[in-house]
2 protein chains.
Amino acid sequence: MLKGHLDAIVLAALESGPAHGYAIIEAIKARSGGTFDLPEGTIYPALHRLEEAGLLSSDWITPPGGRRRRVYALTRSGTARLAEGRKAWGRFAKAVEASLGGGRAWLA
Amino acid sequence: MLKGHLDAIVLAALESGPAHGYAIIEAIKARSGGTFDLPEGTIYPALHRLEEAGLLSSDWITPPGGRRRRVYALTRSGTARLAEGRKAWGRFAKAVEASLGGGRAWLA
DNA sequence: CTTCCATACCTAGCAATACTAGGTATGGAA
DNA sequence: TTCCATACCTAGTATTGCTAGGTATGGAAG
């Protein structure tokens, strides 16, 4: 479960350049150290939703001698939303940590 | 939105001693610096669910000259679950931060 | 050459979560 | 006496991310 932060994570995965769905799954898995091993049924609908919302654009690309892929890129709105998402994460994480209280021994 | 961490936050609010629903709402609001101002429709069903799961116990208390209140306390299972929840939060937060990447400028 | 796996895309339907929006009731203050 | 803070509750709903299925291709293994 990504608890509402999936959008920001997907947008962040596209920050360094366009990518197709399957590659995004691999990128998120790698960046999260294996923690976020997302099923396709999570990513593809999310990509459609983000495109619908104008945060991503997509193009069908057929590399020479390869299969067609749908390549997504951040739009201007998407870049702005990513920045918001990072701020929102910061506030959220701070509030959760304050709420969980204690000596923060679980942070390591 | 508490994104799946509500249970741990509620359990943490009860760590320092039993409390009733309304007081738990106030405690969470205070501890989170006002960020988590939860509606009753969030807390009460959560308390019922946690009790159902054996993580909390409850008693109806009528203080002298006061209204009856339902006072919740952590069970042994609840204490264990809280420890797990803190560990889970630590892992989750680490993975999100790695996934959001960059210079961690949003942490401040 | 055929079989299998990794790649690559998609959707319908479902379970969980936390919310809105309503309801009830009491004690104290204005 | 009217209103607000306290104090509890639930039905229904939006969103989220999942399971579980489907389709198809290219390359490697046998």
Side-chain angles (χ1 to χ4, degrees), chain A residues 1-11 13 18-30 32 35-53 55-56 58-72 81 85 88-89 92 95-96 99, chain B residues 1-11 13 18-30 32 35-53 55-56 58-72 81 85 88-89 92 95-96 99:
Chain A
M1 270 265 217
L2 288 159
K3 338 231 151 146
H5 300 287
L6 173 61
D7 289 6
I9 289 169
V10 170
L11 295 175
H20 63 285
Y22 209 81
I24 293 171
I25 291 174
E26 296 302 310
I28 290 173
K29 184 158 134 189
S32 70
T35 302
F36 298 146
D37 192 1
L38 305 179
E40 300 173 19
T42 292
I43 283 293
Y44 290 117
L47 290 171
H48 300 162
R49 190 166 38 81
L50 291 169
E51 185 173 23
E52 180 74 19
L55 305 177
L56 296 180
S58 74
D59 286 293
W60 283 101
I61 303 280
T62 305
R67 281 150 298 194
R68 69 173 199 166
R69 296 164 166 177
R70 192 160 172 182
V71 172
Y72 291 88
R81 175 66 63 87
W89 165 257
F92 175 72
V96 171
S99 299
Chain B
M1 269 266 217
L2 288 158
K3 339 228 153 151
H5 299 287
L6 173 61
D7 290 6
I9 289 169
V10 169
L11 295 174
H20 64 285
Y22 210 82
I24 293 171
I25 291 175
E26 297 302 311
I28 290 174
K29 184 158 133 189
S32 69
T35 301
F36 298 146
D37 191 1
L38 305 179
E40 301 173 19
T42 292
I43 283 293
Y44 290 117
L47 291 169
H48 300 163
R49 188 164 40 79
L50 291 169
E51 184 172 24
E52 180 74 18
L55 306 176
L56 296 180
S58 73
D59 286 293
W60 284 101
I61 304 280
T62 304
R67 281 151 298 194
R68 69 175 198 164
R69 295 163 167 179
R70 193 161 170 181
V71 172
Y72 291 88
R81 175 65 63 88
W89 165 257
F92 175 72
V96 171
S99 299

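So you know, we letter chains A, B, ... as the sequences are listed, proteins then strands, and number each from 1. What you are looking at is a predicted structure, and each value in this text was computed from that prediction instead of being measured. Side chains are part of it too, since the values below use all heavy atoms of this structure and drop only hydrogens, waters and symmetry mates.
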Go through the structure and list residues passing side chain to side chain donor-acceptor pair (under 3.5 Å) with Glu51(A), not counting sequence neighbours.
Ser58(A), Arg70(A)
Looking only at heavy atoms, which two atoms of Ile25(A) and Leu38(A) are closest? And how far apart?
CG2-O, 3.6 Å
With sequence neighbours excluded, what pairs up with Arg67(B) under the salt bridge (charged side-chain N to carboxylate O under 4.0 Å, His left out) test?
none
Contacts of type side chain to side chain donor-acceptor pair (under 3.5 Å), residue Arg68(B), not counting sequence neighbours
none
May I have the distance from Ile25(A) (atom CD1) to dA6(C) (atom P), rounded to whole angstrom?
15 Å
Identify, with sequence neighbours excluded, every residue that meets side chain to side chain contact (heavy atoms under 4.5 Å, CB included) alongside Leu47(A).
Val10(A), Ile24(A), Ile43(A), Tyr44(A), Leu56(A), Tyr72(A)
Protein-nucleic acid N or O pairs under 3.5 Å, nucleotides 26-30 of chain C:
from	atom 1	to	atom 2	distance (Å)
dT26(C)	O2	Arg67(B)	NH1	2.8

Listed partners of Arg81(B) passing salt bridge (charged side-chain N to carboxylate O under 4.0 Å, His left out), at least two apart
Glu84(B)
Sequence-aligned protein contact record of nucleotides 9-14 of chain C, with B where the base is within under 4.0 Å of a protein heavy atom and S where only the sugar-phosphate is
BBB---
Interatomic distance, Glu52(A) CD vs dT15(D) C1' [rounded to whole Å]:
15 Å
Interatomic distance where CD1 belongs to Ile24(B) and C1' belongs to dT6(D) [whole Å]
15 Å
Separation of atom CG in Asp7(A) from atom C1' in dT16(D), rounded to whole Å:
9 Å
Under 4.0 Å between a side-chain N or O of Arg49(A) and OP1 or OP2 of dG17(D)?
yes
When rounded to whole Å, the CD1 to C1' distance for the pair Ile43(A) and dT19(D) reads 16 Å
Nearest non-hydrogen partners of Ser32(B) and Ser99(A), listed with the distance:
CB-OG, 3.4 Å
Measure CG/Leu38(B) against P/dA18(C) and give the value in whole Å, please.
9 Å
Under the side chain to side chain contact (heavy atoms under 4.5 Å, CB included) test, which residues partner Ala46(B), sequence neighbours left out?
Leu6(B), Arg49(B)
Which class fits the ring pair Phe92(A) and His5(A): parallel under 30°, tilted 30 to 60°, perpendicular over 60°?
tilted
For Ala23(A), give me all partners under side chain to side chain contact (heavy atoms under 4.5 Å, CB included), at least two apart in sequence or on another chain.
Ala19(A), His20(A)
All side chain to side chain contact (heavy atoms under 4.5 Å, CB included) counterparts of Pro18(A), not counting sequence neighbours
Val71(A), Ala73(A)
Output the rounded distance in Å from CZ (Phe92(B)) to C1' (dT16(D)).
13 Å
For DNA chain C, just give me the dot-bracket, please: Watson-Crick or G-U, both distances below 3.5 Å, ( ) intra-strand, [ ] crossing earlier pairs, | paired with another strand, . unpaired.
||||||||||||||||||||||||||||||
